[in-house]
Amino acid sequence: MAKNLLIVESPAKAKTIEGYLGKDFTVKSSYGHIRDLIKSEDAIDIGNNFAQKYEVPADKKQVVSELKKLAKEAEMVWLASDEDREGEAISWHLYDTLDLKESKTKRIVFHEITKPAILRAIDNPRTINYNLVNAQQARRVLDRLVGFELSPVLWKKVKPSLSAGRVQSVAVRLIVEREREINKFKAEASFRIVALFGKGREAFRAELPERFAQQEQAEQFLKDCTEALFSIKSLETRPTKRSPAAPFTTSTLQQEASRKLGFSVSRTMSVAQKLYESGFITYMRTDSVNLSDVALNAAAQEISSAYGSQYYQHRKYKTKSANAQEAHEAIRPTYFNQHTIDGDNAEKRLYDLIWKRAIASQMSEAQFEKTTAKIDVSTRKEDLVAIGEVMKFDGFLKVYLESNDDEDDNAQDGDNAILPPLQVGQQLTLQEMTATERYSRPPARYTEASLVKKLEELGIGRPSTYAPTISTVQNRGYVVKEDREGKQRNYHVLTLKDKAIRQEQKTENTGAERSKLFPTDIGAVVNDFLIQHFEGIVDYHFTAGVEKEFDEIAQGMKEWTEMIRNFYQPFHQNVESTIQTADKARGERELGAHPDNGKKVSVRIGRYGPFVQIGENDDEEKPAYASLRAGQMLETITLEDALELFKLPKKVGVFEDKDMTVAIGKFGPYIRHNNSFYSLGKDIDPMNVTEQQAIVIIEDKRKKDAEKVIKTFAEDPDVKILNGRWGPYIEFGKLNVKIPKEIKDPQVLSYDECKALADAMPKDGKKSPGKTSTKPAAKATKPAAKKTTKKK
DNA sequence: CAGTGAGCGAGCTTCCGCTTGACTT
């Protein structure tokens, strides 16, 4: 048995370090925190200086008992968790839980997994820093108190099972407020003037820096240009340069993988995790942009040998986020000389991104020569401007260019255009001039990645929680990630060519969104409730404020229980009084009176989601109800749209003795017939479907379904082999069974073989861990006879 | 992919941060 037991947080790290240390050391991992507050409400004893009750969760019991055994046998235990608040607390929990002795325990820290760094750490052990531990306890206790007192208020005042917390509630707030900014936004049109001069190779574009608010002004400008002379008024050439971005942190990796690879933040993290475990990259949950000396040398060498030493530039980056704890290096390839890796497509592409970004961060800047030509218009006082840019030296751009969030609506501005040789005084020939109507754009909706960026800027959340937080707000139903179709919008273009002005109207699609975060009604209602009653907690700067206090605790300048007491007293009082006095929040809004009968039309959130109600609850005649449709929100729906909802579902005719009704569901308009659903094509207006049209749609769908059938069985007409979107599958009654890849020709499968495959299917498809079982399970057993089992 | 929406009451839900797996698509 080894004399020394060294404990780190991550098993992959343990493996690497074990290789550095030889056989005197056993290196093990704690797999993160090994203890947490007990799950019940009495985890914190408020009256007793916020004393905490901890427990080892079930899934950590085995790790703890193994570590305990090894610790007992070892002569010395080295606690090597990360050097930050959480890491220090992990060391203390280990010390406490494993019953370690002070005389045979040492605490060490390092920021990079290199042999010299670790040997240096072992030569410089210290003891556990209890100030840092206290800061973590304050953080943990505060989050528990906020989360577990606020959430029950929501259960009472809004809806059961909701949640609120220091981090998630601000994330929701950002999205709700952004949506309102967008709703409030009024697009303003203006005209942009672009001129095209010269012919063929000599052709180049110039633009008027000013824009015209009125079409008449733009038209006047073109008129004035009809007979104008154009000449070069001035030429200015100056060098410009561009520098590379810092190597990746968790947040910048998520942003760039989202922009360049289209990954969700959780996808990025799981792919990165694989790369890390395979030893291809350093740790992926980090807020540091720092590279180790070993890494810097390796990068220098790789750049010089692959591109030449003129491409190398030593750079040191400083972190921008105030909240950074920098326990790790930046995310970088483990070996810079490994340009590509083995793995699946996603792993290869993400590695490529990481490699390029890290290499580029140590490369020289790109150099350009930017030429600005001002063009005199003889009939006007304004000048046109043409800009050309020529790259003189590519530098880091040889490998990597960071993209940005702004869509390039106004691209083709000619930033990278090349101007022909020009001289001051030179006369120019106008080929064409256009005045194009352009609209100002509302603020952009958040993507998962841009929300992470914003949270990081506000110092809210940590690298390990960005992805889970994004999932939480979606799982709670506060936020949805969706695509939305845009709307058609007209714009005008005036074109001056051959001394004549032509006017035309064009259309563009505007407001289309892909994978953007939208608030839901419940998200908006919860947000408004929290702002009304708990402004301090959902304030954007709340976290920054408490972080400052945590820092003071970490430096021994403040007592943690005192800080928590100062926070808790007013907070708890507020919770109590809110429970007493606040009204239930339902997001109710009156839309007006029904045009036919004057009844009140209102919207609010009900048990099954947002709905419209016509009439009052205590009216003699019962009110009429209708659910809102996808994309409609309580706070923006109009009276007209609300009344539309009552026109469907509508009977359109009879077919095979059964009614056909048309309605609009979550996936768009559909026809319902004999308990089956047939979606309506986009070109058919659901309000005006004829009986004939409906029958055609039903027969069409049946024909298409029949074409998908590969094989049927005499034994049971409900069993079929079908061609699906992802390949052949067996429809076994209500169950869809995927056919394993090994079976090349599904045609040869017998009924018994199909039955065997169906029986082998896992019974329940639930993936969430255990908890969500009781209610849905009980519900599912009863009506299972009908057609319930629908895959998600 | 229907229909529903009042109120009662039991028993449940919930936080943030540190780690992986064990799952399905």
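Every chain is numbered from 1, with letters handed out A, B, ... down the list of sequences.
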Give a yes/no on whether any side-chain N or O of A:Q273 is located under 4.0 angstrom from OP1 or OP2 of B:dT20. yes
When all nucleic acid strands are considered with a 4.0 Å heavy-atom cut-off, which category describes A:S29: base, sugar-phosphate, or nothing? nothing
Calculate the interatomic distance between A:E277 atom CD and B:dA22 atom P; express it in whole Å. 11 Å
Protein-nucleotide distance (A:N617, atom CG; B:dA6, atom C1'), rounded to Å: 8 Å
Would you mind classifying the nucleic acid contact of A:Y283 as base, sugar-phosphate or nothing, using non-hydrogen atoms under 4.0 angstrom? sugar-phosphate
Determine the minimum heavy-atom distance between A:S163 and A:Q168, stating which atoms define it. OG-OE1, 2.7 Å
Given atom NZ of A:K274 and atom C1' of B:dG21, what is their separation to the nearest angstrom? 12 Å
Considering every strand and a 4.0 Å limit on heavy-atom distances, what is the contact class for A:S10: base, sugar-phosphate, or nothing? sugar-phosphate
Side chain of A:Y608 (C-beta onward), nearest among B:dT19, B:dG21, B:dG5: B:dG5
Nearest whole Å is fine: how far is B:dT4 C1' from A:F646 CZ? 12 Å
Side-chain contact check for A:P152: nearest option of B:dC1, B:dT20, B:dT14 is B:dT14
Quick check for you: among B:dA6, B:dC15, B:dT20, whose closest atom lies nearest to any side-chain atom of A:T472? B:dC15
Classify the ring geometry of A:F50 against A:W560: parallel below 30°, tilted from 30° to 60°, perpendicular beyond 60°. tilted
Looking only at atom types and distance, does a side-chain atom of A:Q474 sit under 3.5 Å from a main-chain N or O of A:I470, one as donor and one as acceptor? yes
NZ/A:K658: more than 12 non-hydrogen atoms of other groups inside 6.0 Å: no
Scan A:P623 against the nucleic acid and name what it touches under 4.0 Å (heavy atoms): base, sugar-phosphate only, or nothing. nothing
Would A:Y283 and A:Y276 count as a close aromatic pair, with their ring centres under 6.0 Å? yes
What contact category does A:Q168 fall into here, base, sugar-phosphate, or nothing, at under 4.0 angstrom with non-hydrogen atoms? sugar-phosphate
Between B:dG17, B:dT20, B:dC1, which one does the side chain of A:F677 approach most closely? B:dC1
Ignoring hydrogens and angles, answer whether the base of B:dT13 and the side-chain atoms of A:S161 contain a donor-acceptor pair closer than 3.5 Å. yes
Between the side chain of A:T520 and the main-chain N/O of A:Y478, is any donor-acceptor distance below 3.5 Å? yes
Grab the NZ-C1' distance between A:K39 and B:dT14 for me, whole Å please. 12 Å
Of the nucleotides B:dT20, B:dC16, B:dC18, which has the atom closest to the A:V167 side chain? B:dC16
Quick one: label A:E41 by what it contacts on the DNA or RNA (base, sugar-phosphate, nothing), any heavy atom closer than 4.0 Å. base
Base B:dC15 to side chain A:R140, donor-acceptor N/O within 3.5 Å cut-off: yes
For A:L162, answer base if it contacts any base atom (sugar-phosphate contacts may also be present), sugar-phosphate if it contacts only those atoms, and nothing otherwise; contact means non-hydrogen atoms under 4.0 Å. sugar-phosphate
Over all strands shown, is A:G461 touching base, sugar-phosphate only, or nothing at heavy-atom distances under 4.0 angstrom? sugar-phosphate
Measuring to OP1 and OP2 of B:dT14, would you say a side-chain N or O of A:R476 lies under 4.0 angstrom away? yes
Residue whose nearest DNA chain B nucleotide is more 5′ - A:Y625 or A:A663: A:A663
Sugar-phosphate only, base, or nothing, as touched by A:A164 at under 4.0 Å among non-hydrogen atoms: sugar-phosphate
Round to the nearest Å and state the distance from A:E588 atom CD to B:dA6 atom P. 11 Å
Tell me whether the OP1 or OP2 atom of B:dT19 has a side-chain N or O from A:R462 closer than 4.0 Å. no
From B:dC18, B:dA6, B:dT20, nucleotide with atom closest to A:R604 side chain: B:dA6
Tell me whether the ring of A:Y31 lies stacked over the B:dC18 base, given a 5.5 Å limit on centroids and a 30° limit on the plane angle. no
Does a nitrogen or oxygen in the side chain of A:S151 sit under 4.0 Å from OP1 or OP2 of B:dT13? no
From CG of A:L154 across to C1' of B:dT13 the rounded distance in Å is 11 Å
Does A:R285 make a side-chain N or O approach to OP1 or OP2 of B:dC18 shorter than 4.0 Å? no
Heavy atoms from C-beta onward define the side chain here; which of B:dG17, B:dT13, B:dC15 lies closest to that of A:S464? B:dG17
In a check of salt bridge (charged side-chain N to carboxylate O under 4.0 Å, His left out) between A:K599 and each of A:E616, A:E621, A:E590, which one passes? A:E621
Counting heavy atoms from C-beta on, name the nucleotide in B:dA6, B:dT19, B:dC15 closest to the side chain of A:H328. B:dT19
Base of B:dC16, side chain of A:R139 - is there a donor-acceptor contact under 3.5 Å? yes
Of the listed nucleotides (B:dG5, B:dC16, B:dT19), which one gets closest to any side-chain atom of A:P11? B:dT19
Pick base, sugar-phosphate or nothing for A:Y276, based on heavy-atom distances below 4.0 Å to the nucleic acid. sugar-phosphate
Hey, which sits more toward the 5' end of DNA chain B by its nearest nucleotide, A:E9 or A:G609? A:G609
If I take atom NZ in residue A:K658 and atom C1' in nucleotide B:dA2, what distance separates them, rounded to the nearest angstrom? 15 Å
Base, sugar-phosphate, or nothing: which does A:G32 touch, judged by heavy atoms less than 4.0 Å apart? base
Got a salt bridge between A:K28 and A:E18, using NZ or NE/NH1/NH2 to carboxylate O under 4.0 Å? no
Let's see if you can work this out: which of B:dT14, B:dT20, B:dG17 has an atom nearest to the side-chain heavy atoms of A:W155? B:dT14
